[in-house]
Trainee: 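Here it is, the structure in full.
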Amino acid sequence: MKLTFANDLANELKAKYNLDELTIAPEICPPNFAGDLTVNCFVLAKQLKARNPIAVAAEVKQFLDGHDDVVEAQVAKAFVNITLKPEALMRDTIQNEGQILAEAVLPKQEQRHILIEFSAPNTNKPQHLGHVRNNTIGMATASILESAGHQVTRINLVNDRGIHICKSMIAYQRFGNNTTPEREGKKGDHLVGDFYVAYDKEYRKQLAELRKNNPDLADKSDDDLFLNTEIGRAAQDMLIAWENNDEDVRELWKTMNQWVFDGFAETYRRMGVTFKHTYLESETYMLGKDIIQDGLERGVFKKREDGATVIDFEDPALGSKVVLRSDGTSVYVTQDIGTTLLKQKDYNPDQQIWVVGDEQIRHFKVLFAILKALGYEWADNLTHMAYGMVNLPTGKMKSREGTVVDADDLIDEMEELAKQATLEKAGDTPPENLDERAQTIAMAALKFMLLKVNPKTTIMFDPQASIKFEGDTGPYVLYAYARIASMLRKAQDQEDEAAPDWSALKDDSEKKLAIRCALYPEMLQKSARELDSSTLASYLLDLAKDFSTFYRICPVLNAEEPALKAARLHLSKCVKDILKHGLNALTINTLESM
RNA sequence: GUAUCCGUAGCUCAGUUGGAUAGAGCACCUGCCUUCGGAGCAGGGUGUCGGGGGUUCGAAUCCCUCCGGAUAUGCCA
């Protein structure tokens, strides 16, 4: 917010206290105090290295009392509450059309190229609510960064190989009767997921039998006994056959993976998820080994007595990490070293971001530390955006146990609810494009629910409570937008043009709304800087609420004077533009009417 | 065991580089559709900010400690 009085005050104090730098960032005045804006002199006194904040407040008041823009400056403790002339407040906030959105973009020299990787699904099962959170956060973060002025490259890395895929394949061979998604009338990812569950069921059965026949194995974990079961060995054998390019195995793998990819494409389409490029793990999993070899020669890694290649960190918190098994094969982190280098080579970004669950915090610390030890100067610009899990009232989601909220089902359900709600509100005449509207509203509700919470927070999703269209929701913000759109449409038909009278916007609700609008650039920037969509989402809710309050108190189309009407229309238009910009930054589409 | 994160209203969550009387939404209650869209607005009650100690003019926020929870601590991914 560029407020003239704050700038003048800063210059005055800089001269008086002989300072080069001084930032005065007035806040919205709390409701219980009279004023538009507040200067906090506790904070100011620290910058001035002044002992007494109360005395600074008196100084501030004295200066502001003589300022042209100020109607009144009241001191309360070390706070100075300021009432501005409406015309001054509007001049500094909303008067210049387009200025706020222009200021939301970072200056050129601070713009960077950021590569963001997210989604990263496995191809053995359909996506669930956890993936929905990942996809939503990934897309929104990318979009927020772009809206703030950065160049962003969206990347997916699909785990299309490995033991889990073999499990689905084994189950398909045994129980599938050569069926297909077409024959079952089912999305391919769901069909493959069914076989993953079928595999687990058979595995449990064999485990139980094994334990019954061998009481001495009782203290072994399920994982320990994997290769002791027939079906476990079968999956393992299939993985080896896959690695040896066995023709039949590869053929089945291709077929089933394609089913899953087709299913994912549909889910992504509905969510509006897109990528510049999708890496396939089957094509990258062998990367990284040569770098380990190179690092071994340079002494970054060493051979341990047991034959494993390891890195010993100086930081005891990181300890020691195996990077190649004693048989010379790669581990997870080795592949990630390879793909990180690949992405760096392919796109040469200033920063790489991974949207990956917080359970992998340590993994990424180790990965980044290894890359740093290898001497890559860009290793300092790698960010693990760790987001929290989604839990259900019944506990954690587990695909194998079928205790998941399926992504497609959830979206279906949301759209149905949105449709019902739309019909209910519409009254006698059902709106055109009902399905399209319902889709937009449904996705707004779903995405906003996920984005208004700080990504780091572990969240609880209650399917019974489902998703609301009232209160602090996406549809609430959409509704405020649609009301403004409706109002502006009507205004176009009325031809009583007048120059806006800014001095007439005297009501607290008008001033507060204008200030809120002017806060947008810093809110968007904060959201981008902190990789936190909730900052922006909360702001948009506040803006929509402030508009609703203003809308009740201040007639716009029916304003007493044409000049007042013009000013209020301008203010409303400003709110509309910001809502659209902000919602789009959250990857939420707007509706001109709903 | 150790490390990291978390514990705020009945519920879901904001607020945490220390600042005014700790905020929203849901739920519950009361009003408001013959004036711009009631998916809305206005009002009502709710708190040992997990407990205890410390630093400070000032602590939900920083430090210590205890309690409770999650995650990690693989030659799994």
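What's counted below: heavy atoms across the whole structure, side chains too, no hydrogens, waters or symmetry copies. Chain letters run A, B, ... following the sequence lines, proteins first, then strands; residues in each count from 1.
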Trainee: Within the stacking criterion (centroid distance below 5.5 Å, interplanar angle below 30°), does A:Tyr479 stack on B:G40?
Mentor: no
Trainee: Both distances under 3.5 Å, Watson-Crick or G-U wobble: report the partner of B:U16, or none.
Mentor: none
Trainee: Is there a donor and acceptor pair closer than 3.5 Å between the side chain of A:Ser486 and the base of B:G37?
Mentor: yes
Trainee: Out of B:A42, B:A77, B:A39, which has the shortest distance to the side chain of A:Val331?
Mentor: B:A77
Trainee: Classify A:Arg304 by what it touches in the nucleic acid, base, sugar-phosphate, or nothing, heavy-atom distance under 4.0 Å.
Mentor: base
Trainee: Taking the six-membered ring for Trp, are A:Tyr476 and A:Tyr479 closer than 6.0 Å centroid to centroid?
Mentor: no
Trainee: Is the aromatic ring centre of A:Phe469 closer than 5.5 Å to the centre of the six-membered base ring of B:A39, with the two planes inclined by less than 30°?
Mentor: no
Trainee: Checking A:Asp435 against A:Lys419 for the salt bridge (charged side-chain N to carboxylate O under 4.0 Å, His left out) test, could you report, in this order, the C-alpha distance in whole Å, the side-chain angles of both residues, the deciding distance, and whether it holds?
Mentor: CA-CA 7 Å; A:Asp435 288 343; A:Lys419 205 162 161 179; 3.0 Å; yes
Trainee: Mind checking A:Thr329 for me? I need base, sugar-phosphate or nothing, with any heavy atom below 4.0 Å counting as a touch.
Mentor: nothing
Trainee: Who is the Watson-Crick or G-U wobble partner of B:G40, with both distances under 3.5 Å?
Mentor: B:C32
Trainee: For residues 527-539 of chain A, which residues have at least one heavy atom under 4.0 Å from RNA chain B?
Mentor: none
Trainee: Expressed as a whole number of angstroms, how long is the span from A:Ile28:CD1 to B:G15:P?
Mentor: 16 Å
Trainee: Base, sugar-phosphate, or nothing: which does A:Cys41 touch, judged by heavy atoms less than 4.0 Å apart?
Mentor: nothing
Trainee: Can you tell me the base-pairing partner of B:G68? Count Watson-Crick or G-U wobble geometry only, both distances below 3.5 Å, and say none if there is no partner.
Mentor: B:C6
Trainee: Polar atoms only, N or O, under 3.5 Å: list the protein pairs with nucleotides 8-12 of chain B and their distances.
Mentor:
none

Trainee: For the base of B:C75, is there a side-chain donor-acceptor partner from A:Asp327 under 3.5 Å away?
Mentor: no
Trainee: Taking the same atom, P, in B:U35 and in B:C26, what whole-Å distance lies between them?
Mentor: 25 Å
Trainee: By the 4.0 Å heavy-atom rule, please label A:Thr473 as base, sugar-phosphate, or nothing.
Mentor: nothing
Trainee: Does any donor-acceptor pair link the side chain of A:Asp472 with the base of B:A14 at a separation under 3.5 Å?
Mentor: no
Trainee: Under 4.0 Å, counting only non-hydrogen atoms across every strand here, what does A:Ala559 touch: a base, just sugar-phosphate, or nothing?
Mentor: nothing
Trainee: Using a cut-off of strictly less than 4.0 Å, decide whether A:Arg325 has a side-chain nitrogen or oxygen near OP1 or OP2 of B:C76.
Mentor: yes
Trainee: Contact class for A:Asn124 (heavy atom, under 4.0 Å): base, sugar-phosphate, or nothing?
Mentor: nothing
Trainee: Which part of the nucleic acid does A:Asn122 contact within heavy-atom distance under 4.0 Å: base, sugar-phosphate only, or nothing?
Mentor: nothing
Trainee: Regarding A:Ala76, tell me which of base, sugar-phosphate or nothing describes its non-hydrogen contacts under 4.0 Å with the strands shown.
Mentor: base
Trainee: Would you classify A:Glu27 as touching base, sugar-phosphate or nothing, given that sugar-phosphate means primed atoms plus P, OP1 and OP2, and contacts are heavy atoms under 4.0 Å?
Mentor: nothing
Trainee: Do A:Ser168 and A:Asn124 have side-chain atoms, one donor and one acceptor, less than 3.5 Å apart?
Mentor: no
Trainee: Categorize A:Tyr476 for me: base, sugar-phosphate, or nothing, with a 4.0 angstrom heavy-atom threshold over every strand shown.
Mentor: sugar-phosphate
Trainee: For the side chain of A:Ser326 and the base of B:C75, is some donor closer than 3.5 Å to an acceptor across the two?
Mentor: yes
Trainee: At under 4.0 Å between heavy atoms, what does A:Val556 touch on the DNA or RNA strands: base, sugar-phosphate, or nothing?
Mentor: base
Trainee: For B:C36, does either OP1 or OP2 sit under 4.0 Å from a side-chain N or O belonging to A:Lys565?
Mentor: no
Trainee: Of the nucleotides B:C26, B:A72, B:A42, which has the atom closest to the A:Lys468 side chain?
Mentor: B:C26
Trainee: Is there a side-chain polar atom (N or O) of A:Ser548 under 4.0 Å from OP1 or OP2 of B:A39?
Mentor: no
Trainee: For B:A59, what is the paired nucleotide under Watson-Crick or G-U wobble rules, both distances under 3.5 Å?
Mentor: none
